[in-house]
> 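Here's a structure for you.
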Amino acid sequence: MLLCNCLPSAVLFLSCCLPTLISNVVAFNSDDVNQSSQKFGQTEAQNQIILDVGEIVFVIQSQSNSFHKKRAEDLKENILKQAAVSSKKLPEVLLIDELEPSQSAWTIFPAIPYFADSYGRNSSWIFFCEEETTINLSKLLMTLQKFQKSKNWFLGKALHDEESTIIHHYAFTENPSVFKYPDFAAGWALSMPLVKRLYDVLRRDPPSSDFTIDLKHEIALYIWKKLDGQELTHVKQFCSSTSSKAAECATTFNSGLPVCGSPVQKEDIFVAIKTCKKFHKDRIPVVKKTWERQAVHYEYYSDYADNTIPTTDLRIPNVERGHCGKTFAILERFMKLYFERTTWLIIVDDDTLISLPRLQKLLSCYNPHEAVFLGERYGYGLQAGGYNYITGGGGMVFSREAVRKFMNSKCQCYSNDAPDDMVLGMCFSSLGITPTHSPLFHQARPADYAKDYLAHQIPVSFHKHWNIDPIKVYYKWLAQDEEKQQHRQRNMKHEL
């Protein structure tokens, strides 16, 4: 297999090299987003036009993995059952993983031409949702009728950043909270006139970035920049969690951790921790004080053998970034020593914070006899036939079958410092194995994500110790209740 010799290094490349243009953009004038919905008071009811459910095209952000496919199909069936009660014309319900191009349709932009050409005449709205989104169809119809369908509308539950963040390329550094983007969990909608306009703009001026990192922010930013400052309109009826106001919600989101039976036994998971000599003294102690005790089978892989930890020297020189050589050596060692003993492999960095008990519950939903490659999905070069990959910092999870197929492929690093997660993504793509995305894995710190976005999650991992107390972050976001209690007791004894 031929690998590109100039493959960039994912997020590090973006944060260092991306022009700072967007941080200097003059922020648009915006009142509170709740007022934004009220500002445009013209409703369909005022125009005596009733919206029919058949005018809505539903697009479910589905995945090809069997667990996710079943959930998406269940949601599709539920939508159609609700529609059958009130209308003879059933809506179109599309699963995004079944659209072309299959590698990139999940990023939405490549599917816009299809939406415009296929549904531009007879449909009024494209409504996007996650497989976990719960939809009350009658309330959704009433909500969409508030917005004149002949106009350009970009609707959703508004999120905003508290501070500029690497995952958004430090956009709007002066005032990050001024820019609003949709919480996909609550669902979001584009009116058909806006879809057609977006199609025209995309043909002339496609997205310029090679990377897809945080799709919800990138879609909102593109629409705002390319469509004359078209803002997201906050819709309070799009809800991302069940609350006391659920009675008025057209959508809600199941925020519980997916559990499909008994958690995977911790003896069935092997944890590989990548480190190097210079981090033995500061990062490894954090792992040992937080999540190491949750693992049964684990090893620290380094460029130096330190018996006090202990570490395993893989005889791969340490490099500043990429670590492809080290990761491939870990996969080879797993095949030789642990393949028959464990069902799952997870590779993490020494500054990854993770909850293995939550991972055990999550993995109960996946079949280890399938080739599963799981974590937080990024995309590279998807506008030009690129590939998806699981970003390494949040943890890369492999089923035993995925490791077997990968090692039999003879895929290789083109250099020790090539970006391991991207090379793995390219290799799995060549094997026809699609990475499975879970938003519960995080490449960055909690502070890098919108508060309302994290509010409806039970996270599995975070990454980076930069400008935080990683132990405090672990016990706030990832620790089990009994761990938190023990931690508090230890702190009280220390204070005494």
Side-chain angles (χ1 to χ4, degrees), residues 9-15 166-167 213 269-292 294-295 297-304 306 309-314 316-331 333-334 344-356 358-359 373-378 389-398 413 416-425 435 438 440-449 459-471 473-474 477-478:
S9 183
V11 178
L12 288 171
F13 172 84
L14 284 168
S15 62
I166 187 173
I167 63 172
I213 303 299
I269 302 174
F270 182 82
V271 185
I273 305 145
K274 296 185 298 181
T275 188
C276 62
K277 184 178 180 180
K278 71 176 181 178
F279 293 134
H280 286 187
K281 298 298 184 183
D282 58 347
R283 293 185 180 180
I284 300 305
V286 173
V287 178
K288 290 186 173 293
K289 290 177 181 178
T290 54
W291 59 266
E292 183 200 78
Q294 300 167 356
H297 303 298
Y298 62 92
E299 284 187 343
Y300 293 90
Y301 296 109
S302 182
D303 56 344
Y304 176 77
D306 184 340
I309 294 175
T311 62
T312 298
D313 183 0
L314 292 171
I316 303 292
N318 188 57
V319 291
E320 288 300 315
R321 61 184 64 182
H323 308 294
C324 191
K326 181 181 290 184
T327 297
F328 274 56
I330 289 171
L331 289 167
R333 183 176 172 86
F334 176 81
W344 297 94
L345 165 67
I346 179 168
I347 300 177
V348 299
D349 293 346
D350 52 10
D351 58 349
T352 301
L353 300 171
I354 190 166
S355 170
L356 292 180
R358 291 179 187 173
L359 179 62
F373 183 34
L374 172 70
E376 184 178 20
R377 174 185 56 195
Y378 282 5
Y389 64 99
I390 298 300
T391 182
M396 299 182 289
V397 181
F398 308 77
C413 296
N416 280 339
D417 64 350
D420 55 350
D421 48 6
M422 297 180 74
V423 173
L424 287 169
S438 170
L440 306 181
F441 296 80
H442 301 87
Q443 172 68 15
R445 310 160 303 159
D448 292 310
Y449 300 90
V460 168
S461 71
F462 290 103
H463 181 227
K464 296 290 187 188
H465 293 176
W466 183 66
N467 275 1
I468 63 169
D469 180 336
I471 294 177
V473 167
Y474 173 81
W477 290 98
L478 298 166

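Treat the numbers as computed from the prediction; the structure is a model and nothing was measured.
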> Using 0.5 Å steps for rounding, measure from the CG atom of L353 to the CD1 atom of I471.
9.5 Å

> Compare every heavy atom of C276 with every heavy atom of S302, then report the nearest pair and how far apart it is.
OG-CA, 3.4 Å

> Do T391 and I213 make a side-chain contact, defined as non-hydrogen atoms from C-beta onward lying under 4.5 Å apart?
no

> In Å, rounded to the nearest 0.5 Å, how long is the span from CG of D303 to CG of L314?
9.5 Å

> F441 and side chain to side chain contact (heavy atoms under 4.5 Å, CB included): which single residue from V397, I390, T352 fits?
V397

> If you define the side chain from C-beta out and look only at heavy atoms, does anything of V460 sit under 4.5 Å from H442?
no

> If every non-hydrogen atom of Q294 is compared with every non-hydrogen atom of I354, which pair is closest and at what distance?
OE1-O, 4.0 Å

> For a quick test of reading the model, state the closest non-hydrogen atom pair linking G325 to C413 and the distance between them.
N-SG, 3.7 Å

> Is any side-chain heavy atom of C324 less than 4.5 Å from a side-chain heavy atom of M422?
no

> Under a 3.5 Å distance rule, please check whether H297 uses its side chain to pair with a backbone N or O of F270 as donor and acceptor.
no

> Knowing that exactly one of Q443, M396, E376 qualifies, which makes a side chain to side chain contact (heavy atoms under 4.5 Å, CB included) with D421?
M396

> Can you find a pair of side-chain heavy atoms, one from K464 and one from D349, that are under 4.5 Å apart?
no

> Do the non-hydrogen side-chain atoms of D350 and Y300 ever get within less than 4.5 Å of each other?
no

> So, T311 versus H280: side-chain donor-acceptor pair below 3.5 Å or not?
no

> So, do F373 and L424 sit near enough that their side-chain heavy atoms are less than 4.5 Å apart?
yes

> Looking only at heavy atoms, what is the nearest atom pair of Y449 and A444, with distance?
OH-N, 3.1 Å

> Looking at K277, I want to see if its NZ is surrounded by more than 12 non-hydrogen atoms of other residues, nucleotides or ligands under 6.0 Å.
no

> Testing the basics here: between A329 and I316, what is the closest heavy-atom pair and its distance to 0.1 Å?
CB-CG1, 4.2 Å

> Check the pair K274, D420 against salt bridge (Lys or Arg N to Asp or Glu O under 4.0 Å), reporting the backbone distance first and the verdict last.
CA-CA 12 Å; K274 296 185 298 181; D420 55 350; 2.6 Å; yes

> Out of curiosity, I468 CD1 to F462 CZ, how far, rounded to the nearest 0.5 Å?
9.5 Å

> For the residue pair Y378 and Y389, does the interplanar ring angle fall in the parallel (under 30°), tilted (30 to 60°) or perpendicular (over 60°) class?
perpendicular

> Supply the atom-to-atom distance I347 CD1 to I330 CD1, rounded to the nearest 0.5 angstrom.
5.0 Å

> Between R445 (side chain only) and W466 (backbone N and O only), is there a donor and an acceptor less than 3.5 Å apart?
yes

> Within the structure provided, determine whether L374 and W344 are in side-chain contact (heavy-atom separation under 4.5 Å).
no

> What residues, two or more places apart in sequence or in another chain, satisfy salt bridge (charged side-chain N to carboxylate O under 4.0 Å, His left out) together with D351?
R283

> Would you mind reporting whether K288 and I309 have side-chain heavy atoms less than 4.5 Å apart?
yes

